[in-house]
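Notes to accompany the following structure.
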Amino acid sequence: GNSLPSKAPPVFEGLPFIGGIMKFASGPMKLMADGHERFGEVFTVPVLHKNFTFLLGPHVSGHFFKANDDEMSQKEVYEFNVPTFGKGVVFDVDHKVRAEQFKFFAEALKSAKLKLYVPHFVQEAQDYFAKWGDEGEVDFAKTFSELIILTASRTLMGREVRESMFNKVADLFHDLDMGMLPISVIFPYLPIPAHWNRDRARKELASIFSRIIQARRDSNTKEDDILQSFIDSRYEKVYGGRYLNDAEITGMLIATLFAGQHTSSITSAWTGLTMIRDKAAWAAAEEEQRAVVQRRGEELSIDALNDMEVLGRNMTESLRLFPPLIMLLRAAKAPFAVTDSAGKTFVIPKGHVVATSPAFAHRLPHVFRNPDEFDPERFVPPREEDKAAPFSFIGFGGGRHGCMGSNFAILQIKSIWSVLLRNFEFELVDPFPEQDFESMVVGPKPCRVRYRRRKLAI
Ligand code: HEM
C-alpha cells in the first residue's frame, strides 16, 4: 500500500559500452560497491543489450528468493550450462519437467539418504589423509578438490566408477570443467578448443554411464548412491510417468557434480584457513572434537557430526565471509515492485536480469556487526545475526531455490575437518589468501599451509 508514484530503478550510467562489460566481468564486487554507494540497495546496470538490476541485502531481496518460476526464472540466465549438463535436463526443459527433475535432486539428497553417504565421506577422508607424511606443505584448494572428487565419485557416481575407472572419469570431468569459461556464459557454443574438449568429454561420460546403468539393470543390483536414486526416479505428471532415460540420468549426475564440487571444496578450504588463522576458533573446534569423542566414541557417525556446533559455526562464518557463489541471477518474467530501506519504491521492468549477491549482502554492517571480522559467535543466541531478517545469510541461497545439497555439503565438510582436527596441526606458510574473483566459483588464491601429524590423535 505505497501511494507514492513508483519508478524504475536508478541506472548506473557513464559506463562506456565495453567498459560496462569489463567492469562486470572483472570486478562485480567493485561494481556493486560503487552502485550501492551511489544509489543504495536497488540499481540497474546496462550491459550489452541487457539490463542487470541489483537487489542488495535482505531488505530488498525477498522477491528474488520467494517468487515463483513464472516471475523470477532461472532458465534464461543459467541456460549456458546446457552443453555441460546435457540436453533434456534442468535448464534445457520446460518448467514442468524441471520441477519434477528438481524433486529427483531433493529425493537423492534427503536426510534418510545422507545417512548412507556419511560413512563414505569419512572413509574417503581417512584414506586420503593417511597418505600424508608426518609433516609437509599443501595447498588446500588442491587438496580438497582432489578429495571431494573422490567422495563425489563414490557417493554420486557410484562404486563402479570409484573402484575401476576413477582416473578416466576424473579426467573427463576435468575437461568438462575447463570448458566452462567466463566467455561460455555469453557464448556457450563458441567454436573454441575448450568447448570441443567439453563436448567430447560429455559424450564419453554419457557412454560410460550408459554402460554402468545397463549393467545395474541387467544384474538387478541396487547401490547406495545418488546414481541409484536417479535410476529409480520416475516422472509423475509428464512423459507418461516413465523412468529417467540414460541420457537424463547422466545429465542429472553431471548437474549435481557441478553444483557440489567447487562449492564444497572451496568452503572446506576457507573453513580450514580461517580456523588456522584464528587460534581461538581452532582451539574451540579442537576442544569440541575431544568432547564428542568422549561422549560418543571415535566413530564419526551422522549423530556425532550433527553434534559439532562449533565446527558448524566456523564453517558457516567462512561461508559468510567467502561465499563461493558471489552472484545469483534470475530473469524477470513480470514487472515487480521493491521498496528499499529508505522507503523508496521501484518497479523493475519485465525482461531485466535480476542479480543478488551473497558476497556483498554478507558484508552489510547493519546486518552483520563488524562484517569483515571472522566471528563465529555472531550466530549464537541471543545475537543470531543471521536470523534478524529473512535472507540475511544466503551462502546457500534461500527460498524457493535454496541449495538442496546444503546438508550433504555440511556433513561432508564436517567429516573432513573432524579427521583433520583429530590428526593434524597446521600453520599458514603464506599470508592469509585473498579471494580469486577471476574464477566462476570464487575460492582462495594459492596459499601454502604446513601440516604436522599429531603424535597422539584426538
Ligand atoms: C543451489 C550454494 C553444495 C546442490 C545452490 C544455491 C547456492 C548454493 C547459493 C542457489 C543458487 C541460486 O539461487 O541461483 C552451495 C554451497 C555449497 C553447495 C556454498 C557447498 C558449501 C551443494 C552440493 C549439492 C548441491 C554438495 C549436491 C550434492 C544444489 C542444487 C541446487 C543448489 C541441486 C539447485 C536448487 C534449485 O535451484 O532449486 N547451492 N551449494 N549444492 N545446490 Fe548448492
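One-based numbering, in listed order, for ligands and for the atoms of each. The structure presented is a predicted model; accordingly, all values stated were derived computationally and were not measured.
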Which of the atoms of ligand 1 are close to L325, meaning less than 4.0 Å from one of its heavy atoms? 2 (C), 7 (C), 8 (C), 9 (C)
Return yes if some donor-acceptor pair links the side-chain N/O of R400 with the main-chain N/O of K66 below 3.5 Å, else return no. yes
Taking the minimum heavy-atom distance to atom 9 (C) of ligand 1, which of P324, A259, G397 ranks first? G397
Any heavy atom of Q261 closer to ligand 1 than 4.0 angstrom? no
Answer yes or no: is there a donor N or O on one side and an acceptor on the other, between the side chain of Q74 and the main chain of F91, under 3.5 Å? no
If the cut-off is 4.0 Å to any non-hydrogen atom of S264, which atoms of ligand 1 fall inside it? 20 (C), 26 (C)
Any carboxylate oxygen within less than 4.0 angstrom of a Lys/Arg side-chain nitrogen, looking at R154 and E124? no
Numbering as shown, the atoms of ligand 1 that approach T267 to under 4.0 Å (heavy-atom distance): 21 (C)
Just to check, does Y78 reach to within less than 4.0 Å of ligand 1 when the distance is taken from its heavy atoms? yes
Please state which protein non-hydrogen atom is closest to atom 19 (C) of ligand 1 and give its distance, to 0.1 Å? G395 O, 3.5 Å
Give me the residue, atom name and distance of the protein heavy atom closest to atom 10 (C) of ligand 1. H401 O, 3.6 Å
Would you please classify the geometry between the F173 ring and the F258 ring as parallel, tilted or perpendicular, with 30° and 60° separating the classes? tilted
Any Lys/Arg nitrogen of K103 or E100 sitting under 4.0 Å from an Asp/Glu carboxylate oxygen of the other? no
Residue-level breakdown please: for Q412 versus ligand 1, do any non-hydrogen atoms fall below 4.0 Å on the side chain, on the backbone, on both, or on neither? neither
Regarding R234 and the six-membered ring of Y243, is the cationic atom NZ or CZ under 6.0 Å from the ring centre and inside 45° of its axis? yes
Closest protein heavy atom to atom 6 (C) of ligand 1, given as residue, atom name and distance to 0.1 Å: F396 O, 4.0 Å
Identify, by atom number and element, the atoms of ligand 1 in contact range of G260, meaning under 4.0 Å from any of its heavy atoms. 22 (C), 23 (C), 24 (C), 26 (C)
Using a strict cut-off of less than 4.0 Å between a Lys/Arg side-chain nitrogen and an Asp/Glu carboxylate oxygen, indicate whether E76 and K333 qualify as a salt bridge. yes
Which residue and atom name correspond to the protein heavy atom nearest atom 11 (C) of ligand 1, and how close is it? L328 CD2, 3.9 Å
For atom 41 (N) of ligand 1, closest protein heavy-atom neighbour: C403 SG, 3.0 Å
Charged N to carboxylate O under 4.0 angstrom, E204 versus K168? yes
So for atom CD, which belongs to E309, do other residues, nucleotides or ligands contribute more than 12 heavy atoms lying within a distance under 6.0 Å? no
Enclosure of H366 NE2 (heavy-atom neighbours >12, cutoff 6.0 Å): yes
Give the atom numbers and elements of ligand 1 that come within less than 4.0 Å of a heavy atom of L109. 27 (C), 28 (C)
The protein heavy atom nearest to atom 31 (C) of ligand 1 is M404 N, 4.0 Å
Write out the residue and atom name of the closest protein heavy atom to atom 27 (C) of ligand 1, then the distance separating them to 0.1 Å. T256 CG2, 3.7 Å
Which residue supplies the protein heavy atom nearest to atom 17 (C) of ligand 1, what is that atom called, and how far is it? T263 CB, 3.4 Å
Pick one of side chain, backbone, both or neither for how I226 approaches ligand 1, counting any non-hydrogen atom pair under 4.0 Å. neither
Would you please classify the geometry between the F393 ring and the F396 ring as parallel, tilted or perpendicular, with 30° and 60° separating the classes? perpendicular
Decide, yes or no, whether a salt bridge links D372 with R363 under the criterion of side-chain N to carboxylate O below 4.0 Å. yes
Just to check, does G402 reach to within less than 4.0 Å of ligand 1 when the distance is taken from its heavy atoms? yes
Per-atom contacts, ligand 1 versus R330 - under 4.0 Å to a heavy atom: 12 (C), 13 (O), 14 (O)
